[in-house]
Amino acid sequence: MKKALLLSDSHGQNQEMIAVVEHFSDVNAIFHMGDIGMSESLLENSARCLTYIVRGNCDRDYEMPESRLIDFAGKKILMTHGHRYIDYGGFDSLFYFGEENEADVVLFGHIHRPVLVESGDMIVCNPGSISRPRQYDGLKTFAILTVDDDGEVYIQHYTCELSTLGLP
């Protein structure tokens with residue numbers, strides 16, 4: 001079984017992001033879907049695993065890729081910030097982008113709210129924002145992606161309650 005921490009839209013507000021990374025130190029990888037706010041080195045230095053980051057529409061590090069296709073536990077994980085694919089009314093463009101890349105999972109950010117949609121054999125997921133949520137409850141969110149020993153993919157969203165992570 002392999003696990004990955006899914007983060008997005010931290011916008012340089014790092015307290016929650018680092019707390020979550022430290023709390024979930026048993027993950028095999030971290031995927032950040034952009035708008036990291038110049039905190040790439042901080043995230044990479046805090047992680048105890050492989051870390052993958054894509055550039056968001058607010059990121060200025062043009063060396064970061066806009067998308068990445070990663071083999072994780074035998075699954076093709078496609079990462080993008082999503083601002084070029086999301087139209088706020090549906091996820092068709094993300095599914096098409098995933099199909100073009102033969103992805104099993106498409107991860108995106110940008111809209112600052114958690115999303116989990118399946119179509120056929122493909123999953124599209126937004127972990128939400130770890131710093132600036134936009135969904136009705138206003139809770140900061142992230143997700144954990146698990147690939148079990150049978151190759152099944154599971155994704156669970158979590159709210160970021162610092163008190164449950166041992167912080168005030």
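Remember, it's a predicted structure, so these values are computed and weren't measured experimentally.
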Any [X] side-chain heavy atom under 4.5 Å of [Y] side chain:
X    : Y    : value
T141 : Y158 : no
D59  : D61  : no
L7   : V21  : yes
I130 : S10  : yes

**Prompt:** Which one of Y96, F95, F91, F97 satisfies the ring pair (Phe, Tyr, Trp, His ring centres under 6.0 Å) criterion with Y85?
**Reply:**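 Single ring pair (Phe, Tyr, Trp, His ring centres under 6.0 Å) partner of Y85 among Y96, F95, F91, F97: F97.
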Can you list everything that forms a side chain to side chain contact (heavy atoms under 4.5 Å, CB included) with [X]? Sequence neighbours excluded, please.
X    : result
R132 : H11, Q13, H112, S129
D149 : M1
T51  : I30, L43, E44, A47, I53
K140 : E16, P133, C160

Can you list everything that forms a side chain to side chain donor-acceptor pair (under 3.5 Å) with [X]? Sequence neighbours excluded, please.
X    : answer
D92  : none
D137 : Q135
N28  : none
N45  : none

**Prompt:** Tell me, which pairs form a salt bridge (charged side-chain N to carboxylate O under 4.0 Å, His left out) where one or both residues lie in residues 73-86, sequence neighbours left out?
**Reply:**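 Sorted result for residues 73-86: E66-R84, K76-E102.
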Testing the basics here: between [X] and [Y], what is the closest heavy-atom pair and its distance to 0.1 Å?
X    : Y    : value
H157 : A143 : CD2-CB, 4.0 Å
M122 : G98  : CE-C, 3.6 Å
N101 : L69  : O-CD2, 3.7 Å
G12  : S39  : CA-OG, 3.8 Å
G34  : S8   : O-OG, 3.9 Å
I18  : S46  : CD1-OG, 3.4 Å

**Request:** Under 4.5 Å between side-chain heavy atoms, chaining through other members, with only Ile, Leu, Val, Met, Phe, Trp and Tyr counted: pull out the rest of the cluster around Y154, sorted by chain and number.
**Result:**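 ILVMFWY cluster around Y154 holds nothing else.
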**Request:** Please write out which residues are connected to I70 in a hydrophobic cluster, directly or through intermediates, given that two of Ile, Leu, Val, Met, Phe, Trp, Tyr count as joined at side-chain heavy-atom separations below 4.5 angstrom.
**Result:**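 Direct or chained contacts put I70 with L6, F31, M33, L50, Y52, V54, F72, I77, M79, V105, L107, L116, I123, L145, V147, V153, I155.
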Roughly how far apart are [X] [atom1] and [Y] [atom2], rounded to 0.5 Å?
X    : Y    : atom1 : atom2 : result
T80  : R55  : OG1   : CZ    : 10.0 Å
T146 : E152 : OG1   : CD    : 12.0 Å
D9   : N126 : CG    : CG    : 7.0 Å
E99  : S119 : CD    : OG    : 7.5 Å

**Prompt:** Shared ILVMFWY cluster between M38 and M17, side chains joined below 4.5 angstrom?
**Reply:**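 No, M38 and M17 fall in different hydrophobic clusters.
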**Results of salt bridge (charged side-chain N to carboxylate O under 4.0 Å, His left out) for E63 - residues two or more places apart only** =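 Partners of E63 under the salt bridge (charged side-chain N to carboxylate O under 4.0 Å, His left out) test: none.
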